[in-house]
Amino acid sequence: MVRANGAVSLRELARVVQTSEVTVRRDVRALEAEGLLDRRHGGAVLPGGFTRESGFPQKSHLATAEKTAIADLAAGLVEEGEAIVVGAGTTTQELARRLARVPGLTVVTNSLLVAQALAHANRVEVVMTGGTLRGSNYGLVGSGAEQSLQGLRVSRAFLSGAGLTAERGLSTSNMLAASVDRALVQAAAEVVVLADHTKLGSDTMFQTVPTDVITHLVTDEPPADDERAGTELQALADRGVQIVVAPVPVADAAVAGRPRREAPLPGPRRPQSLRTAEPGGTPRLADVRRR
C-alpha cells in the first residue's frame, strides 16, 4: 500500500488488515527500524521521505479526529474583531471552517482552502496574499506572497507544519512553503502552532518557527504507547511553550484504537503551562500565560 500510494494512514492500515491501530503502530515501528518505511503524520511513507511531502488527498485523511478537536479548541482562542494570519494546511483549513462564526474577524492567508472556507462567512474579511500556487497543499508561495506580507501587523499567526520538535521548532519539507510561513510569523505578535500528536518528534528539512518564537501549541493528547510524542510534548513545555491539549472524543479515540493515558505527559510532574480543555470548555489565550 505504501509503494502504491506513497503514503498511508495507520487507520487505513488497521482497517485493511483488520486489527487495531495500536498493533499497526507497533508493526510500523518495527518496519521503520529495518529501513523499509518511515513513520510520518500518523501513517507511513516510503524510506527517504525526509525531503518529501504527501499530497493534500493523503494528508486530509490522516489524524482527522485529532485535527477536528484541535480546530474546535483553537477557534475559541480567536476574539471578535481580531486580525490574524492563517497559514496553509489541513489543520488550518479545519480551523477556518470554525472561524466563519467569529464576527468582525479579518483573516490574512496564503491558503486557497482557508479562503474558500471563509468565502461566505458573514462579517469576516478575507485578505489573500499573492504568489504562485502549490498544487500539493493549495497554498500561495514565492516572492509575491512574501512581498504582500511586508508591513503587515496582526495579533496572532495560526500555523501548522510537517514536524515539531523542541530542538528545532516547527518545520516543513518544502523550501518555498517554509519561507512564506516565516513571513507570516514576522507579521504576528504571537504564534499559535496547531499540530496533532503524530507531528511531535518529527523533523523535516526547513525550519519555519523556532521553538522560542512559538507562543502557544494546540495539540491533542498522545496515546499512552506513543512515548516519542509524550516526551517531545514535555520538552516543549520545559522550553516555555504554552500548551493546550484538545481532548479527542472518546468515541473517536475508540474507533481509532487509541489507548488512553492517565496523564497527558510522562514524568513526575505536570507543567504549569499545560492545560487540558474540559469537554465543552474552551480556555482563552489570556488564561494560559508564559511561566
Side-chain angles (χ1 to χ4, degrees), residues 9-11 21 40-43 56 59-79 84-102 107 109 111 113-114 117-118 137 156-165 169-172 181 184 190-202 208-209 214-223 226 229-230 232-233 236-237 241-253 255-256 258 260-261 264-265 273-285 287-288:
S9 70
L10 295 180
R11 183 172 298 180
E21 190 174 333
R40 288 289 186 275
H41 306 301
F56 175 79
K59 290 190 287 187
S60 64
H61 290 93
L62 298 178
T64 54
E66 290 83 352
K67 291 174 183 177
T68 297
I70 290 169
D72 284 340
L73 183 56
L77 306 178
V78 180
E79 300 177 357
I84 63 174
V85 295
V86 179
T90 53
T91 310
T92 51
Q93 180 189 20
E94 287 296 322
L95 170 65
R97 289 171 177 153
R98 289 147 181 84
L99 293 179
R101 300 188 293 267
V102 182
V107 178
T109 184
S111 169
L113 298 176
V114 168
L118 294 168
N137 72 346
R156 299 185 186 100
F158 290 83
L159 298 175
S160 61
L164 177 64
T165 66
L170 192 67
S171 62
T172 188
D181 280 354
L184 291 171
E190 294 184 344
V191 177
V192 181
V193 171
L194 313 179
D196 64 78
H197 73 272
T198 65
K199 298 178 182 179
L200 298 176
S202 294
T208 57
V209 190
I214 300 173
T215 314
H216 301 87
L217 166 64
V218 184
T219 186
D220 62 292
E221 185 175 314
D226 194 341
E232 204 66 50
L233 197 57
L236 287 163
V241 176
Q242 304 302 302
I243 299 172
V244 185
V245 177
V248 177
V250 175
D252 291 337
V255 169
R258 280 178 59 149
R260 302 288 295 176
R261 66 166 68 237
L265 290 178
S273 59
L274 180 65
R275 300 291 181 87
T276 303
E278 297 297 331
T282 303
R284 309 296 297 181
L285 284 180
D287 297 331
V288 189

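Counting from 1, the numbers follow the sequence of the chain as shown.
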Trainee: Walk me through it: do L99 and V86 pass the test side chain to side chain contact (heavy atoms under 4.5 Å, CB included)?
Mentor: CA-CA 11 Å; L99 293 179; V86 179; 4.3 Å; yes

Trainee: To the nearest 0.5 Å, tell me how far D220 CG sits from T68 OG1.
Mentor: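 If we round to the nearest 0.5 Å, D220:CG and T68:OG1 are 11.0 Å apart.
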
Trainee: Quick one: pull up OG1 in T165 and CG in L236 and give me the separation to the nearest 0.5 Å.
Mentor: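 Reported value, rounded in 0.5 Å steps: 7.5 Å.
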
Trainee: Grab the two heavy atoms, one from P222 and one from H197, that are nearest each other, plus how far apart they are.
Mentor: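 Here P222 and H197 meet closest at CA-CB, 4.0 Å.
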
Trainee: Do V218 and L77 touch side chain to side chain, with heavy atoms closer than 4.5 Å?
Mentor: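 Yes, side chains in contact.
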
Trainee: With sequence neighbours left out, what residues match A96 under side chain to side chain contact (heavy atoms under 4.5 Å, CB included)?
Mentor: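 Partners of A96 under the side chain to side chain contact (heavy atoms under 4.5 Å, CB included) test: V114, A117, L118.
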
Trainee: Working to the nearest 0.5 angstrom, can you tell me the gap between N137 CG and T172 OG1?
Mentor: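 Rounded to the nearest 0.5 Å, the CG-OG1 separation comes to 8.0 Å.
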
Trainee: Just wondering, do L217 and L164 contact through their side chains at under 4.5 Å, heavy atoms?
Mentor: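 Counting from C-beta outward, L164 and L217 do come under 4.5 Å.
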
Trainee: Using the side chain to side chain contact (heavy atoms under 4.5 Å, CB included) criterion, which residues pair with S171? Sequence neighbours excluded.
Mentor: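 If we apply the side chain to side chain contact (heavy atoms under 4.5 Å, CB included) test to S171, skipping adjacent residues, the hits are R168, D203, T204.
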
Trainee: What distance separates T90 OG1 from K67 NZ, expressed to the nearest 0.5 Å?
Mentor: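 So the gap between those two atoms works out to 3.0 Å.
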
Trainee: Could you check L184, L194, V192, V85 and say which one makes a side-chain contact (heavy atoms from CB on, under 4.5 Å) with L159?
Mentor: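 Between L159 and the candidates, side-chain contact (heavy atoms from CB on, under 4.5 Å) is satisfied uniquely by L184.
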
Trainee: Tell me every residue that passes side chain to side chain donor-acceptor pair (under 3.5 Å) with E94, counting only those two or more places apart in sequence or in another chain.
Mentor: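 R97, R98.
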
Trainee: Would you say that S111 contacts Q93 through its side chain, given a criterion of any heavy-atom pair below 4.5 Å between the two side chains?
Mentor: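 Counting from C-beta outward, S111 and Q93 never come under 4.5 Å.
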
Trainee: Taking only residues two or more places apart in sequence or in another chain, which ones pass side chain to side chain contact (heavy atoms under 4.5 Å, CB included) with S160?
Mentor: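 Residues passing side chain to side chain contact (heavy atoms under 4.5 Å, CB included) with S160: T91, T92, K199.
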
